[in-house]
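Take a look at the structure set out below.
Chain letters run A, B, ... following the sequence lines, proteins first and then strands; every chain starts at 1. Only a predicted model underlies this, so the values are computations on that prediction, with no experimental measurement involved.
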Amino acid sequence: MQTHAAKRVEITIETVMQARLTRALEEAGVTGYTILPVLGGSGRSGGWSRSGQVSRASGMVQVICIIRPERLDPLLEAAFAVVEPHIGVVTITDAQVLRAERF
Amino acid sequence: MQTHAAKRVEITIETVMQARLTRALEEAGVTGYTILPVLGGSGRSGGWSRSGQVSRASGMVQVICIIRPERLDPLLEAAFAVVEPHIGVVTITDAQVLRAERF
Amino acid sequence: MQTHAAKRVEITIETVMQARLTRALEEAGVTGYTILPVLGGSGRSGGWSRSGQVSRASGMVQVICIIRPERLDPLLEAAFAVVEPHIGVVTITDAQVLRAERF
Amino acid sequence: MFDLALANLLSPVVLSFVLGLGAALARSDLSVPEAVAKAMSLYLLFAIGFKGGVSVADHGVDGTLGLALLGGVVLSAALPLVAFGILRAVSGLDRTAAAAVAAHYGSISIVTFVAGTAILDSRGIVFEGYMVAVAAAMEAPAILTALWLVARKSEATQSQGRGELLHEVLLNGSIVLLIGAFAIGWITGPAGLAQIDSFIVAPFTGVLCLFLLDMGLVAGRGMRQGRGVLDKGALAFGLVMPLIGATAGLGVGLLLGMSAGGIALFMVLAASASYIAVPAAMRVALPQVNPAIYLTLSLAVTFPFNLTIGLPLYVTLAEALTGG
Amino acid sequence: MFDLALANLLSPVVLSFVLGLGAALARSDLSVPEAVAKAMSLYLLFAIGFKGGVSVADHGVDGTLGLALLGGVVLSAALPLVAFGILRAVSGLDRTAAAAVAAHYGSISIVTFVAGTAILDSRGIVFEGYMVAVAAAMEAPAILTALWLVARKSEATQSQGRGELLHEVLLNGSIVLLIGAFAIGWITGPAGLAQIDSFIVAPFTGVLCLFLLDMGLVAGRGMRQGRGVLDKGALAFGLVMPLIGATAGLGVGLLLGMSAGGIALFMVLAASASYIAVPAAMRVALPQVNPAIYLTLSLAVTFPFNLTIGLPLYVTLAEALTGG
Amino acid sequence: MFDLALANLLSPVVLSFVLGLGAALARSDLSVPEAVAKAMSLYLLFAIGFKGGVSVADHGVDGTLGLALLGGVVLSAALPLVAFGILRAVSGLDRTAAAAVAAHYGSISIVTFVAGTAILDSRGIVFEGYMVAVAAAMEAPAILTALWLVARKSEATQSQGRGELLHEVLLNGSIVLLIGAFAIGWITGPAGLAQIDSFIVAPFTGVLCLFLLDMGLVAGRGMRQGRGVLDKGALAFGLVMPLIGATAGLGVGLLLGMSAGGIALFMVLAASASYIAVPAAMRVALPQVNPAIYLTLSLAVTFPFNLTIGLPLYVTLAEALTGG
Ligand SMILES: Nc1ncnc2c1ncn2[C@@H]1O[C@H](COP(=O)(O)O)[C@@H](O)[C@H]1O
Ligand SMILES: Nc1ncnc2c1ncn2[C@@H]1O[C@H](COP(=O)(O)O)[C@@H](O)[C@H]1O
Ligand SMILES: Nc1ncnc2c1ncn2[C@@H]1O[C@H](COP(=O)(O)O)[C@@H](O)[C@H]1O
Ligand code: NA
Ligand code: NA
Ligand code: NA
C-alpha cells in the first residue's frame, strides 16, 4: 500500500507536565498526539513505580506525535522548552504512515 | 547478537473496534500482536481522555504487530479495511528482532 | 535541533519476570528504562487479556530502553538470557535522541 | 411539585452531581479513575437488578409484566422516529447524525432510572419490581430503528455486520448484569436479600452520590469540549425531547394501569437518553458521525436536565394522574 | 446433604458465579476492571484474616494450633506426589507439566476457603479461627515438592533462583496480608473488630458475590480458551483430585480431633487448587509449561466443582462424621 | 497519655499502617492498585468533608470560623519560614531544596487529619466541624511562602507560570472535593447525613485501615528508596518539625479559645506535612529539586511519626491544657 514518510516523536515526561506539554505542542502546530500510561521506570533520578503511588508528583506518561518530517524542528523546540528543566526522555524515529493527509 | 529485519506496525484505534481489528489481522495471517492501553489523545476529531470516561465509546488502544517485511502488505490491507472508516492512525517502522523464527 | 543516534530496544515480557529483567539490565550497565503496561496480546502460546485476570501469572509489560548504539550488544545479551526460556518479544529500532549526555 | 423539586435539588445525590459539574467547568483536576467509575456502575447495576428481582419474588408477577415489556420495546423502537423528525426539522444535523442521536433517545440511561428509584424510595412510593427488566428491554430496539432510518436511504448497508452488532448490544455487559442480578434476586428472594442487604441496600445512596460526582465531572468536561458542536436547534431538542418521551411513557403506563411508581419510571425511561450502550454501538455502526454530538447531547444536556428538573416533575405528574 | 447442596447452589454467592460463567461463555463483554478485582481480593483477605485473628483472641488457642499448622504443611507437601502420580498415569502431560499442575493441587485457593467459611457461617457452624493461618501455611510447601519432582530427573536444576523464588512465594502479597490481618485481629481482639465490623463483616457476603461474578467471568473465559488444552484424563483429574484431597483433609482433621467446622475447612483447603500464587511461581520456575494447562484445570474445572458440589459435600460429611 | 499512646498504637488503623510498612520493607509484592488507592482517598475526603459540613449545620457557626480560617492561613504561611531556617542550619540542603521541603511542612496532610479525627471520635471528644474548612485553607499558603523564599534570591523568577500554578493548587482535586463535600453536608444537614450515613459513617474506620495499609506500603518503599537521600540533619528535622508545628498550632488554638478537640486538630494540621498537593506543585515550580527528598521526609519520616506518637501526644496535651 501507499505509505508516506513521517517522524515519530516520543516524549516521556512527568504527569504534572502533561497539560503544559500538549499545550506547547498545539501552539507549535502539532495536529495530533496519543498519550500512553507509564507503569514505572528508572533513570538518573532513580527508579519509581506507579503501584501504590499516593502522589501525582511522581507519575509519568508517554506522549507520541506522528508528524511530517518538515515539521520536526518546531515540534522539538516546543517540546524541549517544556522538558528541559524536567526529568524525561525525547526520542525520534523514522516511520511510514498511511493516510498522510491527516498529518 | 544475531538480529533479523522486521516491520513494526502500530495501529491506534477505538476500543470498540479492537476485536474486529485483531480478527482481521488473524485472518491476514498475523501470528502475534500486543495491545497497549491509551490514556488520551487528540486529533482531527478533537481531544479525549480516559479519566472519567463513562462510555466505552471513546477509548482507544494501540495494537502493535511485529512481522517479517514480506508480510507487510497483506497486514496493512487488512488493517486498513477496518481502520479506514474510523478515526485512528497507522504507522510502520523498520526494526530488528531477536528469535526471527517466531514471526 | 541537535540530535544523536541511539538504539531503542523494546522487550515485551511476562510481569513475573519484570524485576529479574530490570535487574539484569542494570547489571549490564543500562542506565535507564521505561515500563509500559500491556493490555493483552496474542502469540504462539495463545491470546490473553488483562481484563478479569485473577492471576499475576499471565500479565505482560513492555520495557523500553534507549541506549547508545555501542552499548546494544551487552544489553541484548543480558535481556536474552532472561527472556529466552520465556514467552515474549524483543525489537530494536534506530532512533535519535535529544540530550545524548543522558544515555 | 415545587417542594419535591427543591428537595430533589438539595439532596446529597444531586448536589454531588452539581459539585462534579462545577469542578469540571472550573478546570479542577478532580477525577475518578476509570476502573472505579466502572466498579460503581457494576455495583449500581447489580444492586438495582437484585432488588427488582427480590421485589418480584416478594409480590409475585401479575399479567402486566409481559405487557410492560412489550410497551417498553414499542416505546424504544418508536421514539427514535419522533426524535429523528424533530432533529431533521430544527437542527442542522444530516440524516445519519440525526439517526444516531435518535437512537440514544429511544434507548435509556440506567443511571437516570436508578436516580428515579431513589426519589421514589425516599418518598415511600412503591413501584413494580420488574421495571428493571423493562429498562433492559428498552436498551436495544432504538438502535434497530436508527439503523433502519439510515439504511432506507443509503445503498451501502453494511448488512454483514448487523447480526454481530445486535449480539454485542443484547449481550453488552450492563444488560447482562442487570438481567442476571434481576434473575438472582428473583430466585433467591427475600432470603437472598437478607444475606447481602448491608452491601446492596444500606450503602446504595452513598455510592450513588460518588457515582454522580463522577457523572458531573464527565458532563462538565462534555460541556466544555462540546461547546460549538451543537447548534441551537440541537440544544433545544436535548431539553424538549425528554418531555416528549416522558409524555409517551406516561401514556403507556396509564394504558397498562400501572401504579404511580411504575408510571413514573416509565416516564423516566422514555425521557432518558443512553450514554453507554448506544454510543458504543454507533461508533461501530455509524463511525462517520462525530461522537461529540450525541455524547454532549445525552450527557451534558439531557442527563442534567432529567436529574434536576425532569425526575421530580415526572414523579409529581404520575402521582397526580393516578390520584396517588 | 441434598438440601444443603440446593441451598448452596441457589445462594446469591454461587448464582453470581454462575452469572459470570454464563456471560463469559455467551461472549458478553461484561468485565470487572483488574484494579477492582484486586481490591475485592484485598478486602476479602483482610476481612477473613482479621476475623480469624479475633476469633483466636476470643476463644484462646489450644494445643491444636501447632499441630494443625503441621498437618497443613504435610498435606500441602504430600498431595502433589499423589496428584503427580495420577496425572502421569491418566493424562498425556509430560513430567514437568504434571509436576507444575501437581503444585497447584497441593497448595490452596483462598477464595474457595472464604466460600467455605460463608457456608459454615450461614449454617451456624463454628470453626477454629486459626484455620486462616493453616491456609497461609499450606500455600508454599507444594511448590517445593513440585520443584523436587522436576529436579530429581533433570540436570539443569536452576538452583540459583530457588532461594529467590521461595522468598517471593512466602512473602507474596496474599499471604502477607492474610497473616498480617490475622495478627492485627488477634492483637486488637473483639474491641478492634467493633471498630471496623460494619466494614469487614456486614458487607462481606455482598462483596463475595461481586468477586465471584468476576471469578465466573474468568473461569468462563478460561473454559473457552482452554478448550483443547486438556485431554480427557486431565479433565477427569480436575474433578477427582479435589475428592482425594478432601479425603486426606478429613483424615488429618479427624486425627487432630478438630470441630466439625475445622474439619470441613481442612477438607476445603486440601480439595482446592491454587490459581494465584502457584501459577506465578510456575511461570518463573517452569516457564516451559503452558500456563493454560494449570489455569484451566484449577480455575475452570476444579474451582467451579468445589464451589457448587464440593463445599456442601465436605460440610455435610464433616458434620456427619463428627456427629455434629 | 501513655495509655492513649498504647491504645492508639494497638488500634487496627495504626497496625494496618505498620503491616504495610513491614511488608514493603520485607520486599513483599503486596500492593494496592493506584485506582483503588485513589478511590479510597476520594471516599475519605468526601466523608470527612460531608461530616464536617453536617456538624456545622447541626451546631451552627459561631464567630470563630472566620478567625480559625485566618489562623490556619497564617500558620501555613509562617511555618515554612521556620522550617526553612532550621533546614538551612542543620541539613545540607541548598536554598531551593530547603524551600521546597519547607512548603510541605507549612501545608497539611489530610490523612493525618482524618486519623486525628478518628482518635477524637473513639475517645468521644467533640471538635468544631469547620476544622475541615481550616484544613483546606491551609493547603496552599505555604507554597507561596516557599516560592517567595526562592524568588527572593534568584533572578529567574518564572513568574509567568505563577498564576497558573496557584489556580492548579487552589483547584486541585482534593481541595475541591473536601470543600464541596463540606458544602453539601452543610446544605443538606442531618437529613442528608441520614440518607448516606451507612456509606460514609459506618464503614469509615475500615476503609481508613485499608488506606493506611497502602500508606504503609508507600512509606516503606519510600524508606527503602530514600535511604541515602537524607542526611542526619534532614532526618532530625522530620522528627522535630512536627513538634514545632504542633506547638504553634496549640498557640493559635488556645488564642482562639477553641474546644479541646479543635485545638488538637489545629496541632495535627500544623504538625503534618503534605505529600499530595505540595509535591505536585513543587515538581512544576521547582523541578530541579529531587522529589525523593521531600517525599521521603514527609511520607517516610513525619507521617509515621505523627500517626504513631504525635497524634496521641497532641490530643493529650490539648485535653490537659483545656482541662478537658
Ligand atoms: N535510557 C532510558 N531509556 C528509557 N527510558 C528512560 C531512559 N532514561 C530515563 N528514562 C525514563 O525517564 C524517566 C526519568 O529519567 P531521568 O531523567 O534520567 O531520571 C525514567 O524514570 C524513565 O522512565
Ligand atoms: N499526529 C498524530 N500523532 C499521534 N497520534 C495521533 C495523531 N493524530 C491522531 N492521533 C491519535 O488518533 C486519535 C484519533 O485521531 P483523529 O482520527 O485525527 O481524530 C487521536 O485521539 C490520537 O490518539
Ligand atoms: N508478532 C508479534 N508482534 C507483537 N507482539 C507479539 C508478537 N508475537 C508475540 N507477541 C507478544 O508476545 C506475547 C507472547 O508471545 P508468544 O511468545 O508468541 O506466545 C504475546 O502475547 C504478545 O503480547
Ligand atoms: Na429514552
Ligand atoms: Na489443595
Ligand atoms: Na503542617
Fill in: D:E34 vs B:L39 side-chain heavy atoms within contact, under 4.5 Å
no

Discussion item. Heavy-atom count check: over 12 atoms from other residues, nucleotides or ligands less than 6.0 Å from D:R224 CZ?
Written reply: yes

Fill in: Straight-line distance of B:H86 NE2 to D:R283 CZ, nearest 0.5 Å
6.5 Å

Worksheet item: Taking all non-hydrogen atoms of both residues, which atom of B:P85 and which atom of D:P287 are closest, and how far apart?
Response: O-CB, 3.5 Å

Item to complete: Decide yes or no on side chain to side chain contact (heavy atoms under 4.5 Å, CB included) for B:R20 and D:V284, but give the supporting numbers first.
Response: CA-CA 10 Å; B:R20 280 178 181 73; D:V284 174; 3.4 Å; yes

